[in-house]
Each structure stands twice: as structure tokens, then as C-alpha cells.
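These notes concern the structure reproduced below.
Everything numeric in this text was worked out from a predicted model, so none of it was measured.
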Amino acid sequence: MKQIEVTTKVKQNINEINSLLLSKGFILIRRSRVEDRYMTQELDKLNRENVLDILQSCVLIRYLSVDNDYVWKGLTYKNKTYKDNIVISEEKISISIDDIELAEKLFKALKFQKLIDVKYDVIVYKKDDLELAFQEVEGLGLLLEYENLNDFDGCSNEEVIKIKKEMLEEIKGYGIITTDDFDIKKSYQLVIERLK
């Protein structure tokens, strides 16, 4: 099954978003904390032109806490397909682990190095079948991720891009003020900023 998501930068703060969405019938359904450490064996090759390629080689050591109740620790690999720096499809492979520090020690023994840490708090609002995940990302600000849960297998790259643009317009239709960029990649933006 092929799903599509958009991630865009929000120009309002989370308090303004909260008031706006509650007034439109959304409910807050969960809060989470995510801490991802991107590990790669290709750090010595990193430059501004190959950031996406290096990110493609990364394994994430992930810590996830949901509503200060549920905690998940794991390893994640994201196999993404791009067209003109836009994510056309993504497959995630994740496994649970018990010990994040031991996992990092193992990767370092295998000559992996830390590329970047991506840390963010997530607040998810829902109305009917629509879920909007607002991510307060350290070093980037407030982003909005919206996943379309329909199956887009068989869609062309052009159709995927068209659907992403429609999803961005749907977001704006709720009064959420965003940039026109619908495919912000948190890790990419943070790495590019570090390379300046």
C-alpha cells in the first residue's frame, strides 16, 4: 500500500493553532515526544549536494513517548523514492529494541557515526477521519504533517505531486497559514543548516 503525506511549515504558533482547530470542531487526541538519531557509515562523504543520498543510507535510533504513558524504542530505516527532491513514496522498516545506548554502541562498533539528532514534540488533532500532526521541531520551528491514508498504488509521480498540492490546499482551507512548500524533510533541513 502506497500512502502520501505532506509536511509544511506553519506560520502560526501552537496556541493559535489550538484555538483555531478547536473552534472548527477538531479535538486534541495525543501528544508525543520523538527523538531520532540518524546514524550513517558515509559521514565522511557528506556535502551540500549529496545530503539526500547520505540520509538514504541512515538508520534511525528512535525514542518515542506518547502521552507520557507509552514508550517505544527502536531502529527505523526509511526507504524513500524522490522526484526532484519531492518524496514520491516511502517504506518504513522498524524493529523494537530494549536499550538505545547499547544500540548506538553497536552501530559505532560497525563504523556508523551520528549525522544529526532530530528532536520534536508532536500534537495531533483529529476531525472525522482527518488527523493533523503539528511538530515543534528543535531548530526548525512548527511543522504540520498530514498523511493521506488512501492507497495510491499505481499513481504516477505527477499524480502524487498533484495530490500533495491538493492536500496542502485542504490544510489552508481550515485557516492554517503555511508556506507553499509541501515536502519539508526535517533531517534534510537540519543537516543543510549545519553545513552553512
Side-chain angles (χ1 to χ4, degrees), residues 2-18 20-21 26 30-38 40 46-60 62 64 76-92 94 114-125 130-150 152 155 157-196:
K2 180 178 175 181
Q3 293 179 331
I4 296 174
E5 70 180 34
V6 297
T7 305
T8 187
K9 182 142 178 86
V10 178
K11 295 182 178 182
Q12 296 139 299
N13 66 45
I14 196 63
N15 293 329
E16 293 168 324
I17 291 298
N18 185 65
L20 173 70
L21 292 182
F26 282 82
R30 74 180 163 275
R31 294 176 184 266
S32 306
R33 172 72 177 172
V34 180
E35 297 179 6
D36 288 336
R37 174 155 291 172
Y38 284 70
T40 182
L46 179 66
N47 61 56
R48 290 184 64 80
E49 286 73 43
N50 69 0
V51 173
L52 285 179
D53 294 330
I54 300 296
L55 285 168
Q56 189 71 17
S57 75
C58 287
V59 174
L60 284 68
R62 173 168 280 186
L64 167 66
T76 298
Y77 173 71
K78 297 180 181 182
N79 185 12
K80 296 183 179 185
T81 304
Y82 296 94
K83 180 180 184 332
D84 302 325
N85 286 344
I86 296 173
V87 178
I88 299 300
S89 67
E90 175 180 321
E91 175 191 10
K92 289 182 187 175
S94 296
K114 178 181 87 166
L115 171 62
I116 195 91
D117 286 325
V118 180
K119 299 177 181 182
Y120 53 103
D121 294 306
V122 183
I123 301 174
V124 181
Y125 293 88
L130 175 65
E131 286 189 15
L132 301 176
F134 291 86
Q135 305 171 342
E136 189 70 52
V137 183
E138 293 178 15
L140 284 183
L142 187 60
L143 303 180
L144 167 56
E145 184 177 279
Y146 166 28
E147 295 182 11
N148 189 321
L149 301 178
N150 294 319
F152 295 96
C155 285
N157 293 348
E158 292 73 23
E159 289 171 312
V160 168
I161 293 168
K162 180 179 180 280
I163 292 165
K164 285 186 173 215
K165 289 178 180 177
E166 290 169 356
M167 291 168 64
L168 181 63
E169 291 308 312
E170 181 182 359
I171 291 166
K172 291 179 178 184
Y174 287 104
I176 300 168
I177 303 169
T178 71
T179 63
D180 289 330
D181 188 351
F182 55 81
D183 206 39
I184 294 175
K185 296 166 274 305
K186 295 178 285 290
S187 55
Y188 175 83
Q189 295 295 326
L190 290 168
V191 171
I192 286 293
E193 190 64 31
R194 194 179 78 188
L195 291 174
K196 286 184 177 177

For a 4.5 angstrom cut-off between non-hydrogen side-chain atoms, does [X] reach [Y]?
| X | Y | answer |
| --- | --- | --- |
| Glu145 | Leu132 | no |
| Ile171 | Phe182 | no |
| Tyr77 | Gln56 | yes |
| Leu130 | Tyr146 | yes |
| Gln12 | Leu142 | no |
| Glu147 | Leu149 | yes |
| Thr40 | Leu46 | no |
| Phe134 | Ile14 | yes |

Does this structure show an ion pair linking [X] with [Y], if we count only N-O contacts that are shorter than 4.0 Å?
| X | Y | result |
| --- | --- | --- |
| Glu136 | Lys119 | no |
| Asp183 | Lys164 | yes |
| Lys9 | Asp180 | no |

ask   = Going by distance alone, is a donor N or O of one side chain under 3.5 Å from an acceptor N or O of the other, for Asn18 and Tyr125?
value = yes
request  = Compute whether any side-chain donor of one residue and acceptor of the other, for Asn13 and Asn15, lie under 3.5 angstrom apart.
outcome  =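 No - no donor-acceptor pair under 3.5 Å links their side chains.
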Listed pairs under 3.5 Å, donor-acceptor, residues 186-196 side chains, sequence neighbours left out:
unit_1 : atom_1 : unit_2 : atom_2 : d
Lys186 : NZ     : Gln135 : OE1    : 3.1
Glu193 : OE1    : Lys196 : NZ     : 3.2
Arg194 : NH1    : Leu115 : O      : 2.3
Arg194 : NH2    : Leu115 : O      : 3.3

message = With side chain to side chain contact (heavy atoms under 4.5 Å, CB included) as the criterion, how do Arg62 and Val34 come out once you've worked through the C-alpha distance, each side chain's angles and the decisive distance to 0.1 Å?
response = CA-CA 7 Å; Arg62 173 168 280 186; Val34 180; 3.9 Å; yes
key: Audit row: Arg33, Glu35, salt bridge (charged side-chain N to carboxylate O under 4.0 Å, His left out) steps and yes/no   = CA-CA 7 Å; Arg33 172 72 177 172; Glu35 297 179 6; 3.2 Å; yes
Distance (rounded to the nearest 0.5 Å) between [X] [atom1] and [Y] [atom2]:
| X | Y | atom1 | atom2 | answer |
| --- | --- | --- | --- | --- |
| Tyr120 | Leu143 | OH | CG | 9.5 Å |
| Thr178 | Ile184 | OG1 | CD1 | 8.5 Å |
| Ile54 | Tyr38 | CD1 | OH | 14.0 Å |
| Glu91 | Lys78 | CD | NZ | 13.0 Å |
| Leu20 | Ile177 | CG | CD1 | 8.5 Å |

Intermediate values then yes/no, side chain to side chain contact (heavy atoms under 4.5 Å, CB included), Asp36 and Thr76 = CA-CA 9 Å; Asp36 288 336; Thr76 298; over 6 Å; no
task = With side chain to side chain contact (heavy atoms under 4.5 Å, CB included) as the test, would you mind laying out the steps for Glu170 and Lys165 before giving the verdict?
result = CA-CA 9 Å; Glu170 181 182 359; Lys165 289 178 180 177; over 6 Å; no
Heavy atoms of other groups near Lys80 NZ, more than 12 under 6.0 Å =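 It does: Lys80 NZ has more than 12 such atoms within range.
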For [X] and [Y], indicate whether the former's side chain and the latter's backbone hold a donor-acceptor pair under 3.5 Å.
| X | Y | result |
| --- | --- | --- |
| Thr8 | Leu144 | no |
| Lys83 | Ile88 | no |
| Asp53 | Asn50 | no |

request  = Decide salt bridge (charged side-chain N to carboxylate O under 4.0 Å, His left out) for Lys162 and Glu166; before the verdict, give the C-alpha distance in whole Å, the side-chain angles of both, and the deciding distance to 0.1 Å.
outcome  = CA-CA 6 Å; Lys162 180 179 180 280; Glu166 290 169 356; 2.7 Å; yes
message = For a side chain to side chain contact (heavy atoms under 4.5 Å, CB included) check, start with the C-alpha distance between Asp121 and Ser32, then their side-chain angles and the critical distance, and finish with the verdict.
response = CA-CA 6 Å; Asp121 294 306; Ser32 306; over 6 Å; no
